[in-house]
Amino acid sequence: MKYIEVDEQLYRYIASRTITIGESASDILRRELNLPLKKEIEQEMPATISQPGLEVADSAVAETAADSVEAVTSVADSAAPADSAALADSVASVESERSDETATGELQSSGAAPRSVADYNHLTSDSNVEQMKGAVGRFLYLLEQVHNSDSELFSKVLDVQGKGRLYFATSKEALLASSKTANPKQIGSSGYWVTTNNNTARKQAILRDVLQHLNCEETLAKSIAQRI
């Protein structure tokens with residue numbers, strides 16, 4: 001793996017072109033330059049041929065890439081020009097669709113039946129959500145209400161993770177060990193902690209994944225997540 005230095009403008013551009021959680025800078029540049037992606041190269045190459053240049057990045061590099069993308073998109077929310085905001089919205093939309101497809105596939109393969117609308121429907125009209133302070137407050141409140149609705153299955157949130165980093169844990173220390181910038185917050189009195197340093201679009205994607213891991217119907221999960 002080779003390393004290069006880029007200026008701030010180029011760095012922000014590369015980060016804004018992310019379309020999947022934890023995507024590496026190499027994959028982003030390959031796609032932008034119309035070069036074959038690593039997965040496509042691996043499929044074409046016989047298993048007996050060694051390709052040293054295609055090694056998988058270690059977890060530390062993956063974490064750094066994920067943290068960098070999140071930091072840039074967070075800055076874009078408050079300070080970036082309109083075109084950067086539009087790019088961030090497009091990235092979030094693609095990530096959301098892929099997260100939805102993944103969660104739905106897991107539910108189908110496990111044979112678990114989606115919950116009825118009545119199970120979480122109250123979260124689409126809960127007036128207390130609007131009283132929470134900022135996106136972080138609404139994010140934590142909705143997670144707490146999900147836990148209160150289904151505390152026995154809530155441990156499944158631990159399966160909702162980014163590439164090379166944790167989003168949920170049972171201790172503050174575990175999240176900080178995964179990312180020093182995680183800014184962990186406890187979810188009510190549930191005993192679970194969640195990272196809160198993601199932008200609003202990522203928080204919505206995380207909440208959708210949580211709800212679908214708890215067998216919430218897809219359309220309802222999207223509606224609830226949009227309240228953040």
Practice task
For residues Trp193 and Glu173, determine if any side-chain heavy atom of one lies less than 4.5 Å from a side-chain heavy atom of the other.
Solution key: no

Practice task
Indicate yes or no: at least one non-hydrogen side-chain atom of Asp150 is less than 4.5 angstrom from one of Tyr120.
Solution key: yes

Problem - Verdict with reasoning, Asn183 to Lys185, per side-chain contact (heavy atoms from CB on, under 4.5 Å) - result: CA-CA 7 Å; Asn183 192 25; Lys185 299 290 184 183; 3.8 Å; yes

Practice task
State, yes or no, whether a side-chain contact exists between Arg208 and Lys222 at a heavy-atom distance under 4.5 Å.
Solution key: yes

Problem - Exercise: do Glu32 and Tyr13 side chains pair donor with acceptor under 3.5 Å - result: yes

Practice task
For residues Lys203 and Val136, determine if any side-chain heavy atom of one lies less than 4.5 Å from a side-chain heavy atom of the other.
Solution key: yes

Exercise for the section: Please tell me if the side chains of Tyr167 and Leu175 come closer than 4.5 Å, counting only heavy atoms from C-beta onward. Expected result: no

Problem - Student check: side-chain heavy atoms of Ile228 and Thr200 closer than 4.5 Å - result: yes

Handout entry: Lys133 side chain reached by Arg138 side chain, heavy atoms, under 4.5 Å
Key = no

Handout entry: Arg31 side chain vs Arg17 backbone, donor-acceptor pair below 3.5 Å
Key = yes

Exercise for the section: Determine whether Phe139 and Asn198 make a side-chain contact, defined as any pair of heavy atoms from C-beta on separated by less than 4.5 Å. Expected result: no

Exercise for the section: Hey, can you tell me if Tyr192 and Phe154 have their rings parallel, tilted or perpendicular (30° and 60° cut-offs)? Expected result: perpendicular

Handout entry: Flag for Ser26-Ser24: side-chain donor and acceptor within less than 3.5 Å
Key = no

